[in-house]
Amino acid sequence: PRSTSVATRRCTDLVDAAEPHEAVSVCLKDAKAGNLAAEVLLGDLYARSFQWHDAIYWYEIAGNHGSPYAQLELAKIYANGHGVKQDRRK
């Protein structure tokens with residue numbers, strides 16, 4: 001995965017400024033290009049807005065790219081059954 005880009009830093013600034021919709025659009029391009037930080041940020045943004053399927057999608061990608069944080073967040077989603085059938089084994 002690529003390192004943090006200017007767009008990803010801008011995404012983080014938008015998250016901090018409570019502009020989640022704009023943050024998603026800024027981060028999406030970087031995440032699709034394999035930027036790990038952007039993938040995790042998108043997972044967080046979608047989880048915060050209870051869009052569980054999108055959160056799972058980005059946490060799975062980030063987890064597959066080696067993010068322990070994304071793997072933990074994904075495990076929490078499955079353990080609590082957020083948007084998916086509860087599965088404590090995943």
Side-chain angles (χ1 to χ4, degrees):
R2 296 183 318 127
S3 61
T4 304
S5 73
V6 173
T8 303
R9 287 191 294 275
R10 173 81 175 121
C11 179
T12 302
D13 292 342
L14 290 166
V15 170
D16 292 343
E19 297 288 342
H21 296 294
E22 190 175 345
V24 167
S25 65
V26 170
C27 271
L28 201 52
K29 183 177 179 183
D30 276 4
K32 287 181 177 180
N35 183 299
L36 181 60
E39 294 165 356
V40 171
L41 280 169
L42 280 173
D44 287 346
L45 285 166
Y46 286 123
R48 287 179 193 162
S49 61
F50 307 106
Q51 295 179 42
W52 299 113
H53 291 354
D54 290 325
I56 289 167
Y57 176 81
W58 288 108
Y59 283 145
E60 283 181 344
I61 290 174
N64 289 336
H65 286 155
S67 169
Y69 170 82
Q71 293 168 353
L72 176 62
E73 293 303 306
L74 191 57
K76 289 180 193 177
I77 289 170
Y78 279 104
N80 293 312
H82 293 304
V84 292
K85 182 178 177 186
Q86 189 174 28
D87 187 345
R88 295 186 184 271
R89 292 175 286 150
K90 276 198 169 193

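Numbers for residues simply follow the sequence, beginning at 1. These numbers come from a predicted model, not from an experiment. These numbers come from the heavy atoms of this one structure, side chains and all, not from hydrogens, waters or symmetry mates.
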Residues forming a side-chain hydrogen bond (donor to acceptor under 3.5 Å, both in side chains) with Tyr57, sequence neighbours excluded | none
Tightest non-hydrogen contact, residues Ala31 and Ala38, listed as N-CB, 3.6 Å
Residues in ring pair (Phe, Tyr, Trp, His ring centres under 6.0 Å) with His82, at least two apart?
-> Trp52
Check Ala55 against Gly43 and note the closest heavy-atom contact, atom names and distance.
-> CB-O, 3.6 Å
If you take all heavy atoms of Glu60 and Tyr78, which pair is closest and at what distance?
-> OE2-OH, 3.7 Å
Measure across Val84 and Ile77 and return the closest heavy-atom pair with its distance rounded to 0.1 Å.
-> CG2-O, 4.1 Å
Listed partners of Asp54 passing side-chain contact (heavy atoms from CB on, under 4.5 Å), at least two apart | Tyr46, Gln51
Residues which pass salt bridge (Lys or Arg N to Asp or Glu O under 4.0 Å) with Lys76, listed by chain and number, not counting sequence neighbours | Glu73
Nearest non-hydrogen partners of Val40 and Ala62, listed with the distance | CG2-CB, 3.6 Å
Can you tell me how far the CG atom of Leu36 sits from the CG atom of Asp30, to the nearest 0.5 Å?
-> 11.5 Å
Mark yes or no for whether Tyr59, through its side chain, and Asp44, through its backbone, hold a donor-acceptor pair below 3.5 Å.
-> yes
Is there a path of hydrophobic side-chain contacts, each under 4.5 Å between heavy atoms of I, L, V, M, F, W or Y residues, that connects Leu72 with Ile56?
-> no
